[in-house]
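Report on one structure; see the data block that follows.
Numbers restart at 1 for each chain; the letters A, B, ... are given by sequence-line order, proteins then strands.
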Amino acid sequence: MTTQTSYLDQLNPSQRRAVKHFCGPLLVVAGAGSGKTRALTYRIAHLILYHKVDPENILAVTFTNKAAREMKERIEKTFAQELAIEKYEQRLELLKEYQQKQLFSQIYKNITKKLWIGTFHSLCSRILRYDINKYRDEKGRTWQRNFSIMDDSDVQSLIKNIITKQLKLDEKKFEARSVRYEISKAKNLGLSPAQYLRENPEYKGKIITEIYEEYQAQLAANNALDFDDLILIPVRLFEQNESILGYWHNQFKHILVDEYQDTNRIQYELIRLLSTNDEPNKKEWNWKDRSIFVVGDADQSIYSFRMADFTILLNFQSDFGDGLPDDDTRTMIKLEENYRSRENILQAANKLIENNTQRIDKILKATRGIGDTIFCYRADNEEIEAEFVINKIKEFRRNNPELNWGSFAILYRMNAHSRPFEDRLVNSNIPYQIVGGFKFYDRQEIKDAIAYLKVISNPSDTVSLLRILNTPRRGIGKTTIESLVTASQELGVPLWEILSDETSVSTIAGRAVKSINQFVKLLQTFQAQIETLPVAEILLQLMEQSGYIAELKNKGTEEADNRLANVFELYNAVLKFTEDTESNSIQDYLATASLSSDLDDLREGQEKVSLMTLHSAKGLEFPVVFLVGLEQGTLPHMRSLGDPLSIEEERRLCYVGVTRAQEQLFLTHTKERFVWGNREGKIPSQFLEEIPQELVTTNVKTKTRQNSSVSSTKRSHQTTKDISWEVGDRIYHSIFGEGEVTHILAGGKRTNLAVKFSGLGQKILDPTVAPMERI
DNA sequence: ATGACGACTATTTTT
DNA sequence: TAGTCGTCAT
């Protein structure tokens with residue numbers, strides 16, 4: 001049994017305390033590069049190995065599929081190392097290959113396969129595969145277990161259709177994009193259409209409610225859910241059905257949440273329900289053999305546009321703690337040692353983030369020596385900027401044989417910024433990969449193929465059905481389709497029912513009768529074999545027998561060839577999925593496909609230069625990082641200028657970028673840049689000024705830094721109004737009314753307060769500015 | 001029923 | 001600028 005502690009030896013005291021945590025609530029405040037993934041994975045291993053927890057009772061929620069996969073892999077590795085010594089009394093690396101393989105497959109079967117590790121969305125979709133048929137929405141609508149998941153573009157066109165065709169609204173006044181955002185926001189706050197209306201009773205709110213209603217009706221008619229529903233429906237189901245909640249509460253005895261600062265209201269609600277069984281009285285909570293363990297860093301909260309709310313993290317201790325005097329220290333651990341970056345880089349990051357007011361104070365301690373200074377480069381335009389970056393990469397490679405192309409990352413604010421870098425990399429014959437942006441599953445041919453599978457799995461999915469009805473062309477025209485759709489709407493049945501009834505088809509459709517019947521027969525053949533035929537086989541045969549492949553072959557253009565290749569790539573992906581998961585469920589595959597981004601496909605150690613947005617870069621690290629486009633209007637993004645809260649989020653984004661670098665960091669900006677077809681003059685990002693000059697070498701000869709002195713006078717002015725605040729202070733705010741201070745947010749030079757107002761929730765206020773006083 | 005062309009517009013980040 | 005959308009002509 002002594003061998004079981006070998007992984008504990010690799011931890012610092014705080015990490016070890018976190019890993020050893022067994023029952024009850026714990027918040028781990030984990031700075032960038034402080035080894036939080038290690039703490040998470042080792043804790044899971046520790047729960048199983050030491051506390052003998054059944055893997056089936058562990059729920060670990062991550063933010064991306066990639067993080068989930070990595071966590072599984074690392075858990076497997078930890079187990080393999082422990083078991084190698086226990087079983088063979090040898091280190092894992094010294095075992096024969098077949099022994100290693102055996103060990104890993106055993107671990108997969110007994111451990112990893114049983115663990116509930118995944119994103120909120122994938123875990124919820126799994127729960128819904130069991131229980132969605134027990135759910136009724138407020139209008140009594142129901143869903144079946146074979147529900148489809150609508151992707152973004154499906155949702156977009158559905159909503160657009162409702163606005164223009166059904167409700168015949170002015171597209172200018174109600175654009176699909178913003179209505180969709182509004183509906184998504186409502187769902188993420190847990191609001192039904194009726195509840196939304198109550199909060200937004202004015203004209204615009206009424207119309208949006210109407211669209212929301214209709215949208216829900218159509219989702220139900222398609223037996224489909226959108227991304228938000230995947231979380232919202234389990235929450236509703238748990239609220240309306242005690243025994244279902246009881247079942248899952250009992251299932252998930254140990255709950256772990258990664259990136260807790262990125263959770264939103266409804267995700268929090270899900271975690272709360274599962275963890276507390278919705279027992280309102282804290283004294284009744286039974287932590288015996290149960291835990292809730294969350295890891296996060298408020299400074300890396302960059303998803304507020306997706307309703308992420310890091311005050312949820314700030315509230316963790318009061319939400320889940322017992323409130324006893326020593327609760328604060330018992331339920332929180334800070335990981336402050338950074339194992340990733342050189343001290344220079346860390347100092348820059350610390351100074352930068354100090355300018356934020358909304359944060360928990362946290363000092364990252366360097367463990368890796370000072371390193372080279374940061375280099376700041378000012379370019380005339382984005383072409384020169386790209387040239388500089390690529391030249392530097394070449395230079396680095398020449399001078400440092402230990403680096404490969406995979407050691408470099410170019411990080412930017414928006415996908416659109418990748419272009420000039422790509423061009424140069426191509427010209428220089430440097431291998432690179434772009435992460436994010438266009439998704440594999442967003443390609444037309446892939447969506448077509450997936451739509452075939454969706455209709456096989458869920459014939460009510462009219463959105464998918466309409467997509468493939470005349471794809472490839474089989475002579476079913478617009479008018480025919482329209483009358484079929486009208487018929488289905490009038491009868492209130494799914495389009496598929498009309499199509500599969502020969503009498504109806506021959507009555508409604510003219511010339512197209514024959515092809516429709518043929519099409520329906522084809523699909524029916526495979527529907528009948530859904531349990532017996534491998535998914536990949538279904539896909540391939542459908543693509544062949546529908547004539548999809550033939551049509552692409554006939555075209556013979558380069559584009560068509562590409563598409564063809566992609567269809568076969570999809571086939572391979574399905575094969576691999578079936579192999580990996582040992583599942584032949586078409587629904588499992590479709591869920592995975594709908595919920596995967598190509599961030600997940602990023603393969604590390606590929607020896608390619610990585611290009612990606614700052615958002616995609618979270619959680620990654622590279623020896624050499626180029627953070628480009630540091631200009632006002634680029635980073636911080638134009639839409640954040642003028643709004644202090646948004647600027648803070650942009651600053652966190654910049655902070656995430658800076659903290660990706662291990663050895664060397666480059667910051668670049670341009671004097672002018674092409675924006676929407678116009679050349680625009682650019683001034684350096686305010687964030688550049690916030691990084692201490694002594695850490696930076698630059699190609700800019702005379703530095704104009706008047707601004708920093710301005711902001712420091714402003715700061716000293718603010719501190720004069722400083723009073724010392726304490727948690728529990730009651731205040732009166734001239735707009736929000738009476739409230740209570742729940743947190744002191746010390747942000748270096750500024751201090752903010754989190755104040756809870758009854759009915760309004762928690763707000764973050766700057767006491768030196770806000771119209772408030774202590775009472 | 002299909003393709004081509006031109007006009008238009010939208011500019012953030014993603015499960 | 002570039003991608004999308006709709007209209008027009010075939």
- Counterpart residues, ring pair (Phe, Tyr, Trp, His ring centres under 6.0 Å), relative to A:Phe421 (two or more places apart): none
Report yes or no: does [X] contribute a side-chain atom to a donor-acceptor pair with the main-chain N or O of [Y] at less than 3.5 Å?
{"X": "A:Arg660", "Y": "A:Leu620", "answer": "yes"}
{"X": "A:Gln632", "Y": "A:Lys682", "answer": "no"}
{"X": "A:Ser418", "Y": "A:Asn415", "answer": "yes"}
{"X": "A:Trp143", "Y": "A:Ala224", "answer": "yes"}
{"X": "A:Thr471", "Y": "A:Arg467", "answer": "yes"}
{"X": "A:Asn188", "Y": "A:Ser184", "answer": "yes"}

- Rounded P spacing from B:dT13 to C:dT4 in Å: 14 Å
- Could you tell me whether A:His669 and A:Phe687 have their ring centroids closer than 6.0 angstrom? no
- Message: Under 4.0 Å, heavy atoms only, any strand: does A:Asp228 hit a base, just the sugar-phosphate, or nothing?
- Response: nothing
- Task: Would you indicate what A:Arg419 reaches in the nucleic acid, counting non-hydrogen atoms under 4.0 angstrom: base, sugar-phosphate, or nothing?
- Result: sugar-phosphate
- Task: Sugar-phosphate atoms are those with a prime plus P, OP1 and OP2; base atoms are the rest. Using that split, label each nucleotide of nucleotides 5-10 of chain B B, S or - for protein heavy atoms under 4.0 Å, 5' to 3'.
- Result: ------
- Message: Let me spell it out: for each of A:Glu649 and A:Lys478, pick the nucleotide of DNA chain B with the closest heavy atom. Which residue's pick is nearer the 5' end?
- Response: A:Lys478
- Task: Return the 5'-most residue of the pair A:Arg306, A:Thr480 with respect to DNA chain B, ranking by each residue's nearest nucleotide.
- Result: A:Thr480
- Message: Taking 5.5 Å and 30° as the limits, would you call A:His637 and the base of B:dT12 a stacked pair?
- Response: yes
- Item | Near-parallel close stack of A:Tyr303 and B:dT13 base (under 5.5 Å, under 30°) | no
Distance, rounded to the nearest Å, where [X] contributes [atom1] and [N] contributes [atom2]:
{"X": "A:Asp152", "N": "B:dT12", "atom1": "CG", "atom2": "C1'", "answer": "14 Å"}
{"X": "A:Ile647", "N": "B:dT13", "atom1": "CD1", "atom2": "P", "answer": "17 Å"}
{"X": "A:Leu635", "N": "B:dT11", "atom1": "CG", "atom2": "C1'", "answer": "17 Å"}
{"X": "A:Lys187", "N": "B:dT15", "atom1": "NZ", "atom2": "P", "answer": "18 Å"}
{"X": "A:Glu631", "N": "B:dT12", "atom1": "CD", "atom2": "P", "answer": "16 Å"}
{"X": "A:Asp262", "N": "B:dT13", "atom1": "CG", "atom2": "C1'", "answer": "12 Å"}
{"X": "A:His121", "N": "B:dT14", "atom1": "NE2", "atom2": "C1'", "answer": "9 Å"}
{"X": "A:Ile481", "N": "B:dA1", "atom1": "CD1", "atom2": "C1'", "answer": "11 Å"}

Taking 4.0 Å as the cut-off, does a side-chain nitrogen or oxygen of [X] come that near to OP1 or OP2 on [N]?
{"X": "A:Asn415", "N": "B:dT13", "value": "yes"}
{"X": "A:Ser640", "N": "B:dT12", "value": "no"}
{"X": "A:Thr613", "N": "B:dT14", "value": "yes"}
{"X": "A:Arg639", "N": "B:dT12", "value": "yes"}

- Message: With a strict under 4.0 Å distance from non-hydrogen atoms of chain A, what nucleotide opens and what nucleotide closes the contacted stretch of DNA chain C, reading 5' to 3'?
- Response: C:dT1 to C:dG6
- Note on the structure: Checking B:dT15, B:dT13, B:dT12 against the side chain of A:Phe305 (C-beta onward), the nearest is B:dT13
Are there any protein N/O atoms within less than 3.5 Å of an N/O atom in nucleotides 2-4 of chain B, and if so, which ones and at what distance?
from: B:dG3; atom 1: OP2; to: A:Arg473; atom 2: NH1; distance (Å): 3.3

- Could you label the plane-to-plane angle of the A:Phe227 and A:His121 rings as parallel, tilted or perpendicular, counting under 30° as parallel and over 60° as perpendicular? perpendicular
- Item | Aromatic plane relationship, A:Phe63 with A:Tyr303 - under 30° parallel, 30 to 60° tilted, over 60° perpendicular | tilted
- Task: Please name all residues satisfying salt bridge (Lys or Arg N to Asp or Glu O under 4.0 Å) with A:Arg673, sequence neighbours left out, ordered by chain then number.
- Result: A:Glu385, A:Glu631
- Message: Run the side-chain contact (heavy atoms from CB on, under 4.5 Å) test on A:Trp248 and A:Tyr130 for me, step by step, so that the C-alpha distance in whole Å, both residues' side-chain angles and the decisive distance to 0.1 Å come before the verdict.
- Response: CA-CA 11 Å; A:Trp248 293 105; A:Tyr130 291 96; 3.7 Å; yes
- Within residues 468-487 of chain A or reaching into it, pairs that qualify as salt bridge (Lys or Arg N to Asp or Glu O under 4.0 Å) - sequence neighbours excluded: none
